[in-house]
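Take a look at the structure set out below.
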Amino acid sequence: MKTNISLLLSFVSFLLIACKTDDVMMEDAIVSDPLIINEVLYDPSNVALEGDANGDGKYSQEQDEFIEFFNTTTTALDVSGYKIFDATGLTNNIPVHVFPAGSIIQPRKALVVFGGGTPSGTFGGAVVQTSTTGNLSLNNEVDFITVTDAAGTTVATFDIGPLSNNPNEAFTRNPDITGSFVQHSSVSSSLFSPGKKNNNSNF
């Protein structure tokens with residue numbers, strides 16, 4: 001009996017170590033991509049104010065579009081000088097947004113870029129910006145988002161093509177940060193959650 005108990009304790013210890021190792025591996029996997037795209041709204045709903053993602057009390061197809069970025073690391077991430085391109089802009093080397101100086105994303109927090117307007121709300125404490133061109137120019141059917149760092153190296157992409165079914169809502173990772181993109185309403189009662197997790201809680 002004593003031997004059986006010893007074996008059981010050893011097995012439990014093994015499981016605990018294995019779980020801890022998996023946690024570390026997952027954290028390492030997250031950290032390997034410091035900046036990720038976590039949510040994209042390229043097709044705001046045009047039903048009344050359902051698509052008013054920036055919270056300014058007005059619906060605008062262009063201004064309510066947004067891209068949510070997330071800093072997966074445990075240190076502040078400076079994205080000053082980073083650029084966002086749509087497919088046409090990348091071809092012509094004309095970004096739809098340039099992150100201004102002082103664009104710092106705190107550890108495990110978000111930054112949201114809206115197409116325009118006057119964003120109103122807390123957005124989960126995220127850094128909030130509006131496109132430097134006044135329009136993210138995201139096509140509803142076929143488009144490709146490319147994000148480059150200050151040196152011009154591609155650091156993140158998002159392909160609208162496979163998800164282009166005009167959903168009138170955002171596509172979000174599920175689970176947040178590590179998951180694949182799904183339509184927002186499939187995991188939440190809301191159509192979008194800029195700056196927050198897809199369940200509308202804060203990061």
Side-chain angles (χ1 to χ4, degrees), residues 33-46 49 51-73 75-161 163-164 169-173 181 191-196 203:
D33 295 312
L35 183 71
I36 64 164
I37 294 174
N38 192 63
E39 185 178 345
V40 177
L41 177 62
Y42 66 80
D43 182 32
S45 172
N46 58 4
L49 292 179
D52 181 25
N54 65 13
D56 64 0
K58 294 176 284 186
Y59 163 75
S60 168
Q61 176 72 36
E62 294 79 20
Q63 294 180 357
D64 287 309
E65 292 180 338
F66 72 79
I67 305 172
E68 177 190 83
F69 297 93
F70 185 79
N71 174 9
T72 67
T73 75
T75 59
L77 181 63
D78 187 353
V79 295
S80 304
Y82 283 35
K83 298 176 181 178
I84 303 174
F85 297 87
D86 68 343
T88 302
L90 187 64
T91 299
N92 300 321
N93 195 30
I94 301 175
V96 296
H97 180 66
V98 179
F99 292 87
S103 296
I104 309 294
I105 311 177
Q106 295 303 314
R108 311 291 291 177
K109 294 294 183 181
L111 180 151
V112 181
V113 179
F114 287 101
T118 307
S120 177
T122 61
F123 302 106
V127 177
V128 176
Q129 299 180 357
T130 55
S131 170
T132 51
T133 60
N135 191 345
L136 289 175
S137 300
L138 303 180
N139 293 326
N140 291 358
E141 295 184 1
V142 179
D143 212 337
F144 195 87
I145 299 169
T146 302
V147 183
T148 62
D149 63 16
T153 302
T154 297
V155 294
T157 60
F158 180 84
D159 188 358
I160 289 175
L163 308 173
S164 57
E169 61 180 286
F171 276 90
T172 180
R173 290 184 186 270
F181 283 97
L191 301 179
F192 42 71
S193 53
K196 298 182 178 182
F203 284 111

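We count residues from 1, following the sequence as given. As a basis for the values below, the full set of heavy atoms in this structure was taken, side chains included, without hydrogen atoms, waters or symmetry mates.
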Straight-line distance of [X] [atom1] to [Y] [atom2], nearest 0.5 Å:
X	Y	atom1	atom2	value
F70	I36	CZ	CD1	6.5 Å
L136	T130	CG	OG1	9.5 Å
D43	N139	CG	CG	11.0 Å
Q63	T118	CD	OG1	7.5 Å
L138	I160	CG	CD1	5.0 Å
F66	S193	CZ	OG	6.5 Å

Ring pair (Phe, Tyr, Trp, His ring centres under 6.0 Å) between F123 and F114, worked out: CA-CA 12 Å; F123 302 106; F114 287 101; 5.3 Å; yes
Without placing hydrogens or testing angles, list every side-chain donor-acceptor pair under 3.5 Å for residues 87-98, not counting sequence neighbours.
unit_1	atom_1	unit_2	atom_2	d
T91	OG1	A87	O	3.2
N92	ND2	T88	O	3.3
H97	ND1	T132	N	3.1
H97	NE2	Q129	OE1	2.8

Indicate, with yes or no, if the rings of Y82 and F69 have centres closer together than 6.0 Å. no
Does the ring center of F181 lie less than 6.0 Å from the ring center of F158?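 Yes, close enough.
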Summary of ring pair (Phe, Tyr, Trp, His ring centres under 6.0 Å) pairs that have at least one residue in residues 132-152, sequence neighbours excluded: none
Ignoring hydrogens and angles, tell me if any N or O in the side chain of [X] forms a donor-acceptor pair with the backbone of [Y] under 3.5 Å.
X	Y	value
D52	G57	yes
E68	G195	yes
K83	G152	no

Closest contact, heavy atoms only, [X] versus [Y]:
X	Y	result
S80	D78	OG-OD1, 2.6 Å
Q61	P44	NE2-CD, 3.2 Å
I145	I84	CG2-CG2, 4.0 Å
S137	E65	N-OE1, 3.7 Å
T148	F85	OG1-CE1, 3.6 Å
I104	V127	O-CG2, 3.4 Å

Going by heavy atoms in the side chains, are [X] and [Y] under 4.5 Å from each other?
X	Y	result
N38	F203	yes
T72	R108	yes
P194	L41	no
D64	F192	no

Applying side-chain contact (heavy atoms from CB on, under 4.5 Å), name anything that partners N71, two or more places apart in sequence or on another chain. T73, L77, I105
